[in-house]
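Just below is one structure, and these are the notes that go with it.
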Amino acid sequence: MYLVTGATGVIGRPLLHALRSDGAHVRALTRHPAHADLPDGVHAFAPDDIEAALEGVRGLFVHPRAVGEHTGKLVALAAERDVEKVVVLSAINVEEDPAHQPSRFNGDRNREVERAVTEGPLPWIAVRPSSFAMNTLGMWRGQLGFGDTVRGPFPGFAEAVIHERDVAEVIARALLGDDALLGRRIEVTGPEALRFDEMVPILGAVIGRPLRYQEVPAELATEAMIRNGLDENFAHALVARFERESTRPATVSTEVEAILGRPALTFAEWAGDHVVDWS
Ligand SMILES: NC(=O)c1ccc[n+]([C@@H]2O[C@H](COP(=O)([O-])OP(=O)(O)OC[C@H]3O[C@@H](n4cnc5c(N)ncnc54)[C@H](OP(=O)(O)O)[C@@H]3O)[C@@H](O)[C@H]2O)c1
């Protein structure tokens with residue numbers, strides 16, 4: 001039996017599928033158990049029901065956004081309940097200056113959550129992904145209603161974005177596998193670093209549109225993000241990151257392939273899995 005926190009989200013849903021398709025018994029923690037719409041055989045528990053949710057659980061997945069400041073307490077409770085290991089989601093930039101981690105301006109506390117797990121009483125594995133390919137939907141989808149040009153800053157900014165399914169399958173391996181991954185902080189990325197102005201035409205080829213990326217000044221791009229509803233500090237931190245990292249090579253790791261025994265999924269494969277989201 002495995003307990004998944006953050007189970008209804010971007011990583012949680014494919015993780016439930018990965019665990020179920022490996023034959024594991026799975027419970028999901030969610031704030032809205034009645035409306036969670038989970039895969040067959042997955043039972044939903046509310047955070048208030050955590051004691052029952054942990055009963056007989058062998059492995060726990062800690063999602064930083066969902067568990068946050070409660071991580072230390074949750075891991076301690078899991079240890080009391082004889083849970084054998086805990087896998088925590090973190091991020092590839094978790095060691096960087098907090099001011100350089102845009103997600104902190106949205107409230108994520110990846111560093112604190114990862115530490116609460118790695119300094120806790122249970123054997124652990126930390127999974128540190130690069131940016132999710134899914135983020136491109138938030139950045140670019142709205143613009144595609146107006147034409148085939150995607151406007152944004154720093155066309156040369158490159159990163160090896162990762163398919164959420166790869167993150168989920170690595171977490172599933174970490175939960176289900178033997179002890180080989182215990183005590184590791186595993187950086188996982190997509191298979192190749194792509195610039196913004198390379199990703200957009202790839203996306204276009206998959207969805208059947210001649211998309212191109214056009215640079216706009218950083219200040220204009222930041223203002224547009226804020227107008228479209230992004231938190232002001234988050235938008236500034238994000239664009240500052242694009243600027244800072246547009247002159248440094250992106251990290252590309254081979255961990256997905258090493259752990260899953262198949263290559264990491266490409267950005268084109270991710271786009272192919274999400275064609276309907278771009279329509
Ligand atoms: N996006 C990236 O590029 C990237 C890259 C690396 C690491 N990360 C990290 O990965 C995490 C995000 O993962 P994700 O996309 O899977 O998250 P998500 O889908 O936004 O959230 C996962 C689940 O957590 C619950 N949740 C959301 N906000 C919450 C809140 N404020 N309080 C309590 N529960 C909340 C929701 O479940 P219920 O409604 O069912 O309770 C949600 O379905 C963050 O820590 C982020 O920093 C992100």
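First listed ligand is number 1; within each ligand, the first listed atom is number 1.
Classified by interplanar angle (parallel below 30°, tilted 30° to 60°, perpendicular above 60°), the ring pair F267/W270 is parallel.
Aromatic ring centres of F157 and F242: separated by under 6.0 Å.
By the criterion of a heavy-atom distance under 4.0 Å, both the backbone and the side chain of A66 are placed next to ligand 1. At a 4.0 Å heavy-atom cut-off, ligand 1 touches N110 through the side chain alone. Using a 4.0 Å cut-off between heavy atoms, S90 contacts ligand 1 through its backbone alone, with no side-chain atom that close. Only the side chain of L89 comes within 4.0 Å of ligand 1, judged by heavy-atom distances.
Taking every non-hydrogen atom of N135 and a distance limit under 4.0 Å, the qualifying atoms of ligand 1 come out as 1 (N), 2 (C), 3 (O). Interface of G9 with ligand 1, defined as ligand atoms under 4.0 Å from a residue heavy atom, comprises 19 (O), 22 (C), 43 (O). Per-residue contacts place H32 under 4.0 angstrom from the following atoms of ligand 1 (heavy atoms of the residue considered): 39 (O). Each of the following atoms of ligand 1 lies closer than 4.0 Å to a heavy atom of T30: 38 (P), 40 (O), 41 (O). The ligand atoms of ligand 1 that sit less than 4.0 angstrom from a heavy atom of S130 are 5 (C), 6 (C).
Protein heavy atom at the shortest distance from atom 44 (C) of ligand 1 is D108 OD2, 3.2 Å. In this structure, atom 16 (O) of ligand 1 lies nearest to the protein heavy atom H63 NE2, 3.0 Å.
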